Amino acid sequence: MIVYDKKYDVIVVGAGHAGCEAALAAARMGRSTLMLTINLDAIALMSCNPAIGGLAKGHLVKEIDALGGEMGRNIDATGIQFRVLNTKKGPAVRASRAQADKQLYRLRMKHVMEQQDYLDLKQVEVTGLAIEGGEVVGVDTRGGVRFIGKTVVLTTGTFMRGLIHIGLINYPGGRAGDLPSIGLSDGLKDYGFDVGRLKTGTPARLDGRTIDFDRLEKQYGDENPIPFSFSTERIEQPQVPCHIAYTNPKSHDIIRSGLDRSPLYAGIIEGIGPRYCPSIEDKVVRFPEKDRHQTFIEPEGRETVEVYPSGMSTSLPIDIQWAFYRSIEGLERVEIMRPAYAIEYDYVNPIQLHASLETKLVRNLYHAGQINGTSGYEEAAAQGLMAGINAALRVQDKEPLVLGRSEAYIGVMIDDLVTLGTKEPYRMFTSRAEYRLLLREDNADLRLREKGHEIGLVQDEIYKSFLAKKELIDSELVRLSKERLAPSSAGEELLEEWGLTGMQNAISYEQLLRRPEFTCQDLSRVYPAIMDLPEQVREQLEIQIKYQGYIQRQLEQVDRSARLESTKIPGDMDYGTISGLSTEVREKLARFRPDTLGQASRIPGVTPAGITILSIAVKARCGR
């Protein structure tokens, strides 16, 4: 084994969305960083849908940006359609989504990484870890070279023992067109990691020249697109439409006719698939009463004819794919450019991770992305960012950055993974967050910018701009609470229009804005200067005032749970010696080995009484 002559602080294995954020974070924090990947031309490749964001996922992208990550800026520069979802619902569940120009997204991210100081990129396959005394010290590669690093971040995506399925035919692959990673997961098993098998899939890519778009329903983006990044002033590039199509009973009959050759139903695929993103054959079998399923025909870019039929992933044989896609109205002559397929891959049960994403079995080794059982670009990128940050902090002998469930969706996701583990691909939902009114897209910078600046990821210029925005919001909130509308100055016509006829006492501008349908635009009739404020500031004023009571209640809930969340459990705690714990609680605690009482309280089967007993034991052990 040849040892490379340069030693690194952080080595990142993999160049998907998790790997990119991990490597950029570590390098931007001033740590010498090496990123290794099987194919340098596939950096940040969108293997599945050509889009970023969506319900809950948009929250993650905003949080990544607030902490100083790159995903938000990258989609702002390369997006071709931007939409805010759930605009008719409350601010907690509104979410941003954007179609990307798939190749531009990849190329821009590659350029950003190539220009990043302290970051080296190399094309090579990692086959194993170099471990000494329970600590990782580097990685071994198929070329016979060992790279030495103080910390290692594994972001292997679907590449570990990846196996692609199209009908009853299967072959090794990390994704279509790329080789799999062989050997690494076997080594992880040897070190004691719980390695399992998951499955995901992707639709065919269709030739847009063979689709009659005039017969499909157009879906346009927002007229005034809102950027993902808080530092992007506006979206400059023109937008393109998507199109909506539907399957029909004939489509479903064709799908059923091929089930005997489906690897899903023939028992060939062992891995568990994503419950919330089923294949089209799963939809047809599980929902026989539905006579149609919707698909969004999404362009993969401005300069390509390839389109992506969202929601139509399948592993059916290619002849069934031809017939099924061509049964859809408007797609009767469609040509498949790349067939749909399913892919199985190895992952590591995330209960073997600390909340910092460092593994419990091997010190200085971090896991991020699909290796932890998640699905989705955004989930992967968020984990990669946190793993890269914490690897860099470890090299500096600093405490890890761990976000709580009340601070970020990133904190909710990581806590879910390391506390509960997963047996199926994990996807982020707003319903997973118990404090979702606090964790809105619009206030991600108010929640996380300061943390990003403290660790060195948010530049001073951006941070100063953020502070100015924050100070403006605070000063305006004070002004609105003090400024009042007197009955005598309002005029009878305005009082009647606002439903204030007969008002005896002056009413504050804050009280006016608290009314459900009342906006800053309405208030400008008596306070014109409010429309001179930036739109983001006006948005915060309305939300913080209208939802003040609900927000305060959630903050009180956070305060009540703070003690549990901050109380650490010693890593070598012997649960078998704690009297009063039931056998089930002992077994659960010994298996999951939670880092804090808060984590322990969320393990299924660990009762409140058990937490009380454990709390007393921890206090006795730690002398507090």
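Index from 1, following the sequence. Owing to the predicted nature of the structure, the values given are computational and were not obtained by experimental measurement.
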Flag the pair H367 / F193 as yes when their ring centroid distance falls below 6.0 Å, and as no otherwise. yes

For A66, does its backbone N or O pair with a side-chain atom of K451 as donor and acceptor, under 3.5 Å? no

Are D574 and R586 close enough for a salt bridge, meaning some N to O gap below 4.0 Å? no

Indicate yes or no for a side-chain donor-acceptor contact from R593 to the backbone of M573 under 3.5 Å, with no hydrogens or angles considered. yes

Side-chain (Q396) to main-chain (A392) donor-acceptor, under 3.5 angstrom: yes

Examine distances only and state if a side-chain atom of Y377 and a backbone atom of C48 form a donor-acceptor pair shorter than 3.5 Å. yes

Any donor-acceptor N/O pair, S375 side chain to P425 backbone, under 3.5 Å: no

N-O pairing of E114 and K110 below 4.0 Å: yes

Using modelled atom types and a 3.5 Å cut-off, is there a donor and acceptor pairing between side-chain atoms of T141 and backbone atoms of V145? yes

Quick one: CG on L393 to CD on E399, what's the gap to the nearest 0.5 Å? 9.5 Å

Carboxylate-amine/guanidinium contact D346 K189, below 4.0 Å: no

Could you verify whether a donor N or O on one side chain and an acceptor N or O on the other, from Q123 and T37, lie under 3.5 Å apart? no

Could you tell me whether E565 and R602 have a side-chain N and a carboxylate O separated by less than 4.0 Å? yes

One thing to verify: whether R405 and E434 come together as a salt bridge, which I'm taking to mean a side-chain N less than 4.0 angstrom from a carboxylate O. yes

How many angstroms lie between NE2 in H59 and OH in Y409, if you round to the nearest 0.5 Å? 4.5 Å

Considering all heavy atoms of both residues, which atom of L45 and which atom of H17 are nearest to each other, and what is their separation? O-NE2, 3.4 Å

For residues K7 and F147, determine if any side-chain heavy atom of one lies less than 4.5 Å from a side-chain heavy atom of the other. no

Do E344 side-chain atoms and L163 backbone N/O form a donor-acceptor pair below 3.5 Å? no

Any side-chain heavy atom of M29 within less than 4.5 Å of one from L457? yes

In this structure, CD of Q370 is separated from OG1 of T200 (nearest 0.5 Å) by 6.5 Å

Quick one: does any side-chain atom of N390 pair with a main-chain N or O of L401 as donor and acceptor, under 3.5 Å? yes

Check this for me: E450, atom CD, are more than 12 non-hydrogen atoms of other residues, nucleotides or ligands nearer than 6.0 Å? no

Do E379 side-chain atoms and R427 backbone N/O form a donor-acceptor pair below 3.5 Å? no

Atom CG in D186, atom CG in L188: separation rounded to 0.5 Å? 9.0 Å

From the list T422, D194, T374, side chain to side chain contact (heavy atoms under 4.5 Å, CB included) partner of Y347 resolves to T422

Full working for side-chain hydrogen bond (donor to acceptor under 3.5 Å, both in side chains) between T127 and R142: CA-CA 6 Å; T127 55; R142 190 166 297 286; 5.9 Å; no

Does Y426 have R432 sitting over its ring (NZ/CZ under 6.0 Å from centre, angle to axis within 45°)? yes

Can a salt bridge be assigned to the pair K62 and D65 using a cut-off of 4.0 Å between side-chain N and carboxylate O? no

Could you state the interatomic distance from OH (Y265) to CG (L316), rounded to the nearest 0.5 Å? 9.0 Å

Ring pair (Phe, Tyr, Trp, His ring centres under 6.0 Å) contacts in which one or both residues fall within residues 579-604, not counting sequence neighbours: none

Quick one, M46 and I52 - any side-chain contact, counting heavy atoms below 4.5 Å? yes

Quiz question: by atom type and distance under 3.5 Å, do the side chains of T359 and Q352 form a donor-acceptor pair? no

Do L438 and E407 make a side-chain contact, defined as non-hydrogen atoms from C-beta onward lying under 4.5 Å apart? no

Under the salt bridge (Lys or Arg N to Asp or Glu O under 4.0 Å) test, which residues partner E424, sequence neighbours left out? R275

Measuring only between side-chain heavy atoms, which start at C-beta, is L55 closer than 4.5 Å to R97? no

Could you tell me whether the side chain of R108 reaches within less than 4.5 Å of the side chain of E70, counting heavy atoms only? yes

Side-chain contact, heavy-atom cut-off 4.5 Å: L184 with S181? yes

Measuring only between side-chain heavy atoms, which start at C-beta, is K199 closer than 4.5 Å to L264? yes

Do NZ/NE/NH1/NH2 and the carboxylate oxygens of R394 and E358 come within less than 4.0 Å? yes

Quick one: closest heavy-atom pair of A381 and I64, and the distance? CB-CD1, 3.7 Å

Can you measure from CG (L564) to CD1 (I611) and round to the nearest 0.5 angstrom? 7.0 Å

